[in-house]
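Data first, discussion second: the structure below is written as structure tokens.
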Amino acid sequence: MTKKYVLKKVGEIPARTSIIDESKFHINYREQLNAAQYEAVSALDGAYLVIAGAGSGKTRTLVYRVARLTELGYDPASILLLTFTRKAAKEMLDRAAILLDNRCSKINGGTFHSFANLTLRKYAKAVGLDNGFTILDQSDSEDVINLIRGQLNLSQHKKRFPNKVTIFKVLSLSANTERTIEDILNEEYPHFTDYLDKFLDIQKIYQTYKKKNTLLDYDDLLIYLRNFLFELSPAAKSLLSTIKFVMVDEYQDTNKIQAELIQGLTQLNHNIMVVGDDSQSIYSFRGANFRNIMEFPKLFKNVKLITLEENYRSTQEILNFSNHIIEHAIEKYPKHLFTRKVGGELPGIVSSANENMQSRFIVERVLELREEGVPLNDIAILFRSSYHSFDLEIELNKANVPYIKFGGMKFIETAHVKDMLAFLRIAVNPNDFVSWYRVLLLHEGIGPRKAQQIMDELSSSQISLKSEPEKSVSKKYNDKIFNLFKLIYDISTKNQLPADKAELVYKYYEPLFVEKYDDFNKRKKDLDIFMNISQNYRSLNSLLADMALDPPQDSVAEVEAPDKEKEFLTLSTIHSAKGLEWHSVFIIHALDGFFPSSQSFDKLETLEEERRLMYVASTRAKQNLYVCYPMHIFDRSKGITFAKPSRFIDGINEDTADQWLLEE
């Protein structure tokens, strides 16, 4: 029998893909995808950077790749898909399951933080953690810092000491960007540099406090997981051996630790595909690092770059405008968005005499569009900063145009929802003294000192939650405190579903809630939403983890649109609008000093991010785009001043946009 030999050059890198018989697949991938999407979907071994321009079918590409890997016979559990929201992960896996079959729902998918949470609990012993740790959300962390701040008597300083929000922001930025606290203070809070030693003290005590009380904050989840991966212990190798493919969505939004995590996850199997758009990197204030996507080809060997440029959202006229804005970016991956859609109009650059005229024009044009058959739900007004829309809001109210404004407080950050969660968190972790402090202060007659005394007794086991309150709660505490301990004991020990435990808490909390909040009728809707959410869970740990890691975004208390109105206009900061789309979009206050903001003028990096912000705003529009600015603005110190149009739109030629001047 003749043997067959294959000649291979020494040092030759094997081809990325072998020949695959696609006729056996359920899905005709070549037919259902464009050429660039197909190239990304059919990619197998190796490292891939997919630059997905706005509206280019990024989600479709990821969904089809999940389906194709599954059709090729790879174990779905060996495919890890990391996203920034649980909703995005669920949507992709649901779509893949509909596209192919239910095997796709078994993909290992979720947010960075939820994946870290599950992994750390599973491998807690190897990581050196108790698997019953509690997750601190941002405001919990701020409360811990406030406790520490109080203990250190920092409010005694003659010069104002920063509040808990600022302290936490500095500590968190330091953790997720790996910059020193000194650097952050020097660059962003120079007026607090005298307090460097105090910041370092707080940081040290905060870390000790979390360790002692089995608490992890958001940053800890990523840091512990990263360290676990790079230690390459037998447990870490066991985890890594189960992961064959790693896929990352919105890679341009990753911070330094997340980029390191991805490297850690691909140490054994080097199969990584990240999908993102450098031109939509706009979250540096949260610690996102633009350099991650730009330097990806340096982090992995033989990276293949695939660019998705065909846009399925906007008219070519809007894309030409958006291309013009981003063409002037100093550092970028070259791309030119195009579409097969026809029948668009040039975007309009609309200048008005003053801000109020800008507002009245928008109200008038919105009402005209509605008459033309465009529902209010398909129209958005976008702005760089929340306060830019104040004048417009007044005009919309006058004209009875219902709207919802995004960029406000999140559901989970509302005080009344946090109160409810605090009771449940104590039931899971009796050492969660942040929650104890919050719960105790709800009760009349208990101030900070009394609360601390009760927490000390809990800490030293003078009061135990393991036995009936009658046996452990001293007579010196009144009925209210006895009833509180009875509630905690019941929800800790009874084998009930989360919804039943939440119901017990609700009944106990309701009179305290009515007493505490003047607008309890309005706030009660949020508690109803929370009770509804709890019905979806079998485990209290899962409910609390999800509420901390990926909470519902908006509070009913903040939604001003009347219930009777099914339609509402969207007012939104551009940061809150990313990933969304509307038939018609207005970008307002496109003025130098407003957009780009004057704070961005000092550094090239921040000015370039403002350019990307304008690109994100303009690519939200499907059919109509209006970029508006007032020529005169009121400045409190200078009175009425002449304003310059944003440098991003200044000098755009007549083939790219129509210039309009509003006249009364």
According to the interplanar angle, ranging from 0 to 90°, do the rings of Tyr64 and Tyr29 count as parallel (below 30°), tilted (30 to 60°) or perpendicular (above 60°)?
perpendicular
Donor-acceptor contacts, no H, no angles, side chain residues 289-299, under 3.5 Å, sequence neighbours left out:
| residue | atom | partner | partner atom | Å |
| --- | --- | --- | --- | --- |
| Asn289 | OD1 | Arg291 | N | 2.9 |
| Arg291 | NE | Glu295 | OE2 | 2.8 |
| Arg291 | NH1 | Glu331 | OE1 | 3.2 |
| Arg291 | NH2 | Glu331 | OE1 | 3.3 |
| Arg291 | NH2 | Glu331 | OE2 | 2.6 |
| Asn292 | ND2 | Thr254 | O | 3.1 |
| Asn292 | ND2 | Thr254 | OG1 | 3.0 |
| Asn292 | ND2 | Asn255 | O | 3.0 |

Testing Ile262, Val275, Asp278 one by one against Tyr251 for a side-chain contact (heavy atoms from CB on, under 4.5 Å), which residue passes?
Ile262
Residues in side chain to side chain donor-acceptor pair (under 3.5 Å) with [X], at least two apart?
| X | result |
| --- | --- |
| Asn429 | Thr134 |
| Asn320 | Gln316 |
| Glu581 | Arg313 |
| Glu317 | none |

Is the backbone N or O of [Y] less than 3.5 Å from a side-chain atom of [X], with the two atoms forming a donor-acceptor pair by type?
| X | Y | value |
| --- | --- | --- |
| His336 | Glu309 | no |
| Asp249 | Gly276 | no |
| Gln37 | Leu62 | no |

Tell me, do Lys578 and Ile282 make a side-chain contact under 4.5 Å, heavy atoms counted?
yes
Is any side-chain N of the basic residue among Lys304 and Glu39 closer than 4.0 Å to the acidic one's carboxylate O?
yes
According to salt bridge (Lys or Arg N to Asp or Glu O under 4.0 Å), does anything in residues 113-127 pair up with another residue at least two apart or in another chain? List the pairs.
none
Go through the structure and list residues passing salt bridge (Lys or Arg N to Asp or Glu O under 4.0 Å) with Arg425, not counting sequence neighbours.
Asp140, Asp432
With Lys332 via salt bridge (Lys or Arg N to Asp or Glu O under 4.0 Å) - residues at least two apart:
none
Residues passing the side-chain contact (heavy atoms from CB on, under 4.5 Å) test with Ala126, sequence neighbours excluded, are Phe228, Ala235
Excluding sequence neighbours, so at least two apart, what forms side-chain contact (heavy atoms from CB on, under 4.5 Å) with His270?
none
So side chain to side chain donor-acceptor pair (under 3.5 Å) across residues 259-268, not counting sequence neighbours, yields Arg226-Glu260, Lys256-Glu260
Residues two or more places apart in sequence or in another chain: which of them pass ring-ring contact (aromatic ring centres under 6.0 Å, His included) with Tyr74?
Phe245
